[in-house]
Engineer: 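The structure's right below; bear with me while I get my questions together.
Chain A is the first sequence line, chain B the second, and so forth, proteins listed ahead of strands; every chain is numbered from 1.
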Amino acid sequence: MLRLLAPLMLFTFAAEAETAADKALKSMTWDAIVAEARGGEVNWFMWGGADNINQYVSDHIAGILKRDYDITLNRVPITDAADIVNLVLTEKEAGIDAKGAVDLIWINGENFRSMKQADLAFCGYTDLLPNDALVNWENPAVANDFGVPVDECEVPWNTVQFAFAHDSAVTPEPPRDMASLLDWIKANPGRFTYPAPPDFTGSAFLRHVFIHAAGGPDSLIGPFDQTRFDEVATKTWAILNEIEPFLWREGQTYPNTIAQLNELFANGEVAFSFNYDPSQFGLAVQAGTWPESTRSFGLTDGTIGNTNYTLIPFNSPNKAAAMVVQNLLLSGDAQLEKAKTEVWGAAPAIEISRTSPEVKAGFAAIVGHPSVVSAQDLAKAALPELQADWLTAIEAGWKASVGN
Amino acid sequence: MMLELRGLTKTYPGHDRRTVEGLSLTVPQGSLTALLGPSGAGKSTVMQMIAGLQAPDAGDIRLGGKSILDVPPERRGVVLVFQNAPLFPHLTLAQNVGFGLRMRGLSAPVVAAEVAAMLERVQLAGLGNRRPHELSGGQVQRGALARALVLKPDLLLLDEPLSNLDAGLRDEMRALIMTLQRETGVTTVVVTHDQAEAVVLADRIALLLDGRLAQVAAPREIFARPATLAVARFFGGVNFLAGRVTGGAFDCALGRLPLPRGVADRGVADRGVADRPGTLTIRPEAVRLGQGDGALSARVIGTTFLGTQTRVELSVSGQRLEALLAPEAASALIPGQLLDVTLPTEALWLIPEDQKHG
Amino acid sequence: MTDRTRIFLLLTPALLLLGGLFLAGLGLGLLRSFRYMPALGLTEPDLSAYAAVLASPGFLASLGLSLWIAGVSTVIAAGLAVLSAVLLRQTFPGRAVILFLFQLNLTVPHLVGAIGILYLFSQSGSFARLAFAAGLIGAPADFPVLTQDPWAIGIILQYVWKEVPFIGLILLANLQAISPGHEAAARSLGASRWQAFRHVLLPMLMPGLVAASALVFAFAFGAYEIPLILGAHAPEALPVLAYRSFTDVDLANRPEAYAMAMIIALIGAGLLAVYARLALPSRGRDAR
Amino acid sequence: MRADRVRLLAGMALALWLVLPLVPLAIWSVAHGWRFPDLLPVAWSFKAWSHAFSASSGVLHGLGQSMLIASVATALAILVGVPAGRALGLYRFRGKQLVLLLLVAPVLVPPIAIAPGLHGVFLQLGLTGGVPGVILAHLIPVIPYMTLVMAAVFGRFDTSHEAQARSLGARPWQVFAHVTLPAILPGLLTGALFAFLVSWSQYLLTLVIGGGRVQTLPLVLYGFATSGRNDLTGAIAILYILPGALVLALTARFLTGRAPGLAP
């Protein structure tokens, strides 16, 4: 990853810092921006694997945009946001500076870091959005995306916290902290596995083990530290290699994706699945994919939480319209709609206390899905997300030392 | 070796009619027998059954006195030379000729020597390395013959060996088949639909009509003395007179015609009935014009010049007759002209009524 | 108009379009694989990207896996296709149904086949459930590992499923052009059933079989989405590895991605050579 | 008789094997959950189908995109492939082997080898991320199939009929419309079906050149297949098979027993 920097430097210096049009846009009033956005078309590249989310975006959000702003929203489903980072990068390489294909990306973590480092993000505009006032930028978990300062380059959309799912009919008493989970794995051969990184969720599970090996997150906060990494990584690989023979298929193979793990869980091949977004558990039960007896929980020593965002690439030809979309997504009504259990069940990225009384009442009235552990419960033991450099190092180390 | 077919019967699945029905035939050792019949008569099916490529529904096939029904084709000692797939296109001529020997597992030098000798014999020496598409049609046919003969089979089956060749090549190939058959003495059955070809080539003709054996005889015999009306028609018979046999003569529309000795008795011995219906036939080339013993009065209906002969259509007492004459003998005839015709007694042949079927 | 002009005019649009697209794609890939990317300031072509690719352990494992997948799939599919073609040449009840299913299979995309195979053969798939119902296994883990497995059995099963009808139909078409007399003649000349097949029918089918097998090998070697669905987490099939390195955010890795693409193209070229030698008519015989 | 039974059994096994992988897909499409060890789903539902037909799923859009791209690619392939096939089928000429090799090359060289370079070229031409670029990219594997089938078709074509028609007073286009076209039509349809299916199944070239913005059905299907919604995956898979099967059923009489002459 460090090799990334050298060629990118060439780029960064070669490319113009900002176009005149971007400057002009940032100096407009919100009303002017909305007027500019009218009739526009926004290509929003986002993970498309959940039909509830797709419906929320394509029906609810796109409907309002068309009705109120005459903006056409094209939801472009993707399987991996890294592909889109690459797309924008390739466009930049080809000198496409104003007519890019992408107007908006659902993003966070290392993909955001890549976009920011390669100067691929449109930045410095978020305070123009009226609903930006609902965001608590004082919260470091919002102001930093995997430890990388957001710097007005993206707008928060959801907050999530990692949780485990189990079938209460099969495993009534699941282990509640990392140490007992590791013991449980050894006591129940073939009943646990995790997706191989670079799967997003599998990688997040690894970080839990990594933090456990480090004895807590405190020494890992902040920029990447090779010495500290080597120290903790040795312990982590030892733990993972120790449990490997007790994993599904004796650890010879790992699932490629979280979807495969979910499938294994659905068929009772393994006892646990997990997700960064616990609302997915409820959706799986509603879809009939998972048993009704599915329950979920966090770890008493904490699970990692993060915020995910939407980002406008530097070469989007529809920045004004994309900003209107972002503003709408941040609104209390839109955040409430997606928080509803039957819609999505996603935790809001705004401060509910700053919203209108109706929205507040709406949030208060939400009854959680029985299979989904509540955000409040999870929040009792939350771990911060590590900076993206740690993350890439852990993924690469796993490939070399464990999953080979 | 002598081949005997006994009651051979075959029906193809999905067909109502039997392709071959109750066929019994004996092919003497060393003979060249033609299996003759119109297309669809079941000739090829018979050949394939003898070669073991089709199984009969009933009946037996005996070669040299032993049944070969249960012997797989490759061990029957019977080689069938196909009409439509003469040589394997992916092999050279020499490889083609040596194919059967190699299948027997003979060593390469032995095969090579045998092949060379055989190619010499069919006048294809020096062409061994060519592929079939580089050979002429005649060369391909000779190669196919060589490929079969090199195996020194007990029985050689040739399926329409001449039908794909043009006239010149046909004569050459026919001569080659007859020569090689005489030299090797291999019992041979040739399938053909062409009666002229069968007559020239074979010493015996077995005529197959609608899956049944109609007659087996020497060519001359089958021509002059057809067993049934159908046989007569197949060999170009056109003059048929319906009537009754009484006391050594034949009563019909032309009056009472005397029959030659032996002919009148056909069928009488086993039936013991002297007075019975039948059909009298005479070859058109045997009909004579002009005065003579028992001459009949005829009127010319028309003449057709055929090149070497002229066909004359006549009406005798309302009965149509055809005569084939030398062109000069018929040149003066005009339609409507009255003249005398003679039907020589020795040329008359009787087909009893109850054998007319087919 | 002379024949030569006519031929030229007839061929030009296809060759221009195809050559333009194909060679342009290949050419640019080749340039970049030599680390010639002026946009990144790389103007001194060298072979270091190839060296880096060949030196990485993952590459050789992926190459081996893809060759294994393509080789085994092709051999099994070709063998079964020959058997099916020989079977389908004869008449028997239900032959028309199988012929229709063969053609129907051609219309089913590989991706659909891959998902179907996954649902059938995974450890909790239909066969595993049947085995459970029959009391043969007590849990999914007892069922043999046939998908996402180290031997790529699931991937191979999917290719066999898709390619037997493909090769089979090509062989059937070829069989129609081969007179049945050849086989009968061989039998009559003393060849056993097996010898007639081995020495007469098979050699005649060979050009078609080689051509079809080359296409199958190329596809199985180069497909991306099937190993993604049915493959194990490591090693990855070569196309998956190549695509991943092509979409790597690290631009510095880009020449390696191109080098990998060129190595794959080289294997395609090898196939082309085999094809040219064995499947294209030789000695001036034309392509009829 | 024993051979007949073996044949019948082999035939039945073959038929079963051909149909089998499609069965769980069809069942999943109407299942509301279907977990191990249930041989059949406990609950049934048409929600996958209704979602597949809803606008937000993108399935119908994908179907339309696939249909458009495959149809245009096929039409273009016919336009260039029929003349080229005629040249290859009717004439012998120097360099013919080379032309044949160039035609086979795109089929034997995997798309992943060409895709990165092609993406670079298309990027310069502004052809990425749109339907026209994807169609052009699809032509790479589509033209060879079309041309090779047409070469085989013209290999069996007798030009004397064309000459006869000319001498009977037909103009060149009349000759084509009334003599040539009817003669090559069965082969043309076979080739077109093949071309259509090659484009219809294309995944990688669409992904790379379309950059995710051109969502053909395979991309939509892959998205659902890898997100664990087996019911939707089943429904889309069935939808994905239907058009090809339909075309096959309609052209079956032309295809019966005469498989594509892929091998030159």
Engineer: Which of the residues A:Asn74, A:Asp59, A:Leu87, A:Val57 is involved in the greatest number of heavy-atom pairs with chain D at under 4.5 angstrom?
Structural biologist: A:Asp59
Engineer: If I take atom CG from residue D:Leu207 and atom CD1 from residue A:Ile78, how far apart are they, to the nearest 0.5 angstrom?
Structural biologist: 10.5 Å
Engineer: Is the number of heavy atoms from other residues, nucleotides or ligands within 6.0 Å of NZ (A:Lys99) greater than 12?
Structural biologist: no
Engineer: Among A:Ile84, A:Thr289, A:Thr257, A:Asp51, which residue forms the greatest number of heavy-atom pairs with chain D at distances under 4.5 Å?
Structural biologist: A:Asp51
Engineer: Please look at A:Ile96 and chain D and tell me whether the side chain, the backbone, both or neither of the residue comes under 4.5 angstrom of a heavy atom of that chain.
Structural biologist: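 Contact with chain D: side chain only.
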Engineer: If you take all heavy atoms of A:Ala259 and D:Gly228, which pair is closest and at what distance?
Structural biologist: CB-N, 3.8 Å
Engineer: Most heavy-atom pairs under 4.5 angstrom with chain D, which of A:Pro77, A:Gly268, A:Gly95?
Structural biologist: A:Pro77
Engineer: If you count heavy-atom pairs under 4.5 Å between each of A:Asn256, A:Asn267, A:Asn54 and chain D, which one has the most?
Structural biologist: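 Top option by heavy-atom pairs under 4.5 Å: A:Asn267.
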Engineer: Check each atom of D:Arg213 against the heavy atoms of chain A and say whether the ones under 4.5 Å are side chain, backbone, both or neither.
Structural biologist: both
Engineer: With a 6.0 Å cut-off (strictly less than), is the heavy-atom count around CG of D:Leu98, excluding the residue itself, greater than 12?
Structural biologist: no
Engineer: Non-hydrogen atoms of chain D under 4.5 Å away: do they reach the side chain of A:Phe45, the backbone, both or neither?
Structural biologist: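 Just its side chain gets close to chain D.
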Engineer: Say whether, by atom type as modelled, one donor and one acceptor occur between the side chain of D:Arg35 and the main chain of A:Phe265 under 3.5 angstrom.
Structural biologist: no
Engineer: Where does D:His61 contact chain A at under 4.5 Å (heavy atoms): side chain, backbone, both or neither?
Structural biologist: neither
Engineer: Measure the shortest side-chain to side-chain distance between A:Glu263 and D:Asn230 over non-hydrogen atoms and say whether it is less than 4.5 angstrom.
Structural biologist: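 With C-beta onward as the side chain, the pair touches.
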Engineer: Heavy-atom cut-off 4.5 Å, strictly under: side chain, backbone, both or neither for A:Trp290 against chain D?
Structural biologist: backbone
Engineer: Go through the atoms of D:Leu219 and report whether side chain, backbone, both or neither lie under 4.5 Å from a heavy atom of chain A.
Structural biologist: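 Neither part.
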Engineer: Which bit of A:Gln286 is near chain D, if near means a heavy-atom gap under 4.5 Å: side chain, backbone, both or neither?
Structural biologist: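 Looking at A:Gln286, just its backbone touches chain D.
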Engineer: Please classify the contact between D:His51 and chain A as side chain, backbone, both or neither, with a heavy-atom cut-off of under 4.5 Å.
Structural biologist: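 Looking at D:His51, just its side chain touches chain A.
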Engineer: Does a sphere of radius 6.0 Å around CD in A:Glu41 hold more than 12 heavy atoms from other residues, nucleotides or ligands, not counting ones at 6.0 Å or beyond?
Structural biologist: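 Yes, because the 6.0 Å sphere around CD of A:Glu41 holds more than 12 heavy atoms from other groups.
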Engineer: Below 4.5 Å from any heavy atom of chain A, which atoms of D:Ser57 appear? Answer side chain, backbone, both or neither.
Structural biologist: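 Just its backbone gets close to chain A.
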